[in-house]
Amino acid sequence: MGYPWWLITLVIFLIDVAVSLFVVWNFDLALKIPLIGRLLEGGMTAARNYTETQPWLRRLSTVGLILFVFFPFQGTGAMNGSILGRLLGMNEARVFACVCTGSLASCLVIALGADVILDIYQEDPVLGIGLLVLVAVVVVAGVVGWRMRKGRLRGRRP
């Protein structure tokens, strides 16, 4: 639409920063809501108990939260990443840093990828469309492969 890739990246990143700050700073207030607070406390207790029994999980939580925010799937992003980080018992600064890192990386990859595909399309429309179709096929193949793997794992459980 004529906007430079860096401007779109910056705007989306700043929106994610604002959302993450709002959730991180106000999460303790959500714990005081009668029904929701008890549910969140229960989730935090369960997560804390599980991560205490699995110390390797605690070490990987930072990278895991960054990747959770990085991948643009339904239900991931700044808001849910901030909530998940707080549920895992991470402190505010760590959650905010993870969300910002994952968001900036995701925004850059998507914006630069779209810019490259658009530049290629302007030079050679057939090649640009072919590249776009290739990206779509790779994404669909990844989703189908993931679901097949998940189905196989479900079939192994007793």
Side-chain angles (χ1 to χ4, degrees), residues 1-119 132 135-136 138-154 157:
M1 302 212 10
Y3 296 108
W5 65 267
W6 57 268
L7 181 63
I8 300 297
T9 300
L10 181 66
V11 168
I12 294 173
F13 173 68
L14 289 176
I15 290 170
D16 282 350
V17 166
V19 167
S20 178
L21 281 175
F22 180 80
V23 171
V24 166
W25 283 343
N26 293 307
F27 190 79
D28 294 331
L29 293 175
L31 294 175
K32 295 178 183 177
I33 299 171
L35 179 62
I36 295 172
R38 283 195 306 258
L39 290 171
L40 290 175
E41 281 288 343
M44 289 175 70
T45 303
R48 195 175 307 116
N49 291 340
Y50 188 73
T51 55
E52 286 175 2
T53 62
Q54 308 288 333
W56 61 271
L57 191 61
R58 173 67 92 195
R59 290 190 299 269
L60 292 177
S61 63
T62 301
V63 175
L65 187 58
I66 291 171
L67 290 175
F68 180 81
V69 175
F70 174 78
F71 290 109
F73 296 126
Q74 182 69 31
T76 65
M79 182 182 299
N80 290 338
S82 298
I83 293 169
L84 179 65
R86 294 294 287 150
L87 284 175
L88 289 174
M90 298 166 73
N91 65 17
E92 292 92 350
R94 189 169 161 197
V95 170
F96 181 67
C98 290
V99 169
C100 286
T101 303
S103 175
L104 183 60
S106 179
C107 290
L108 281 173
V109 167
I110 291 170
L112 288 173
D115 191 52
V116 166
I117 289 174
L118 186 60
D119 286 345
L132 188 60
V135 168
V138 167
V139 168
V140 168
V143 169
V144 168
W146 178 261
R147 288 183 185 235
M148 288 175 56
R149 179 181 177 274
K150 208 162 118 179
R152 273 189 255 127
L153 289 177
R154 236 185 264 134
R157 294 183 187 155

Rounded to the nearest 0.5 Å, how far apart are CH2 of Trp5 and CG of Asp119? 11.5 Å

What distance separates Thr9 OG1 from Ile110 CD1, expressed to the nearest 0.5 Å? 9.0 Å

Check for a donor-acceptor pair, side chain of Asn49 on one end and backbone N or O of Thr45 on the other, with a separation under 3.5 Å. yes

Atom CG in Asn80, atom CG in Leu87: separation rounded to 0.5 Å? 10.0 Å

With heavy-atom distances below 4.5 Å as the criterion, would you say the side chains of Phe70 and Thr101 are in contact? no

Let me know which of Leu10, Val11, Asp16 forms a side-chain contact (heavy atoms from CB on, under 4.5 Å) with Leu14. Leu10

Using modelled atom types only, decide if a donor and an acceptor are shared between the side chain of Asn91 and the backbone of Arg94 within a distance under 3.5 Å. yes

Closest contact, heavy atoms only, Ser82 versus Val23: CB-CG1, 3.6 Å

Hey, does the side chain of Thr53 reach the backbone of Tyr50 with a donor-acceptor pair shorter than 3.5 angstrom? yes

Heavy-atom closest contact (Cys100 atom, Val17 atom, distance): SG-CG2, 3.7 Å

Rounded distance (nearest 0.5 Å) linking atom CD1 of Ile36 with atom CG of Leu29: 12.5 Å

What is the minimum heavy-atom distance between Ala78 and Val69, and which atoms define it? N-CG1, 4.5 Å

Heavy-atom closest contact (Val95 atom, Gly85 atom, distance): CG2-C, 3.6 Å

Check for a donor-acceptor pair, side chain of Ser106 on one end and backbone N or O of Gly102 on the other, with a separation under 3.5 Å. no

Atom pair CG (Asp115) and CG (Leu108), whose distance is rounded to the nearest 0.5 Å: 11.5 Å

Do you know which two heavy atoms are closest between Phe13 and Ser103, and how far apart they sit? CD1-OG, 3.8 Å

Per side-chain contact (heavy atoms from CB on, under 4.5 Å), Leu31 is matched among Met44, Arg86, Arg38 by Met44

Compare all side-chain heavy atoms of Leu60 with those of Gln54 and state whether any distance is below 4.5 angstrom. no

For Leu65 and Cys98 the tightest heavy-atom approach is CD2-CB, 3.7 Å

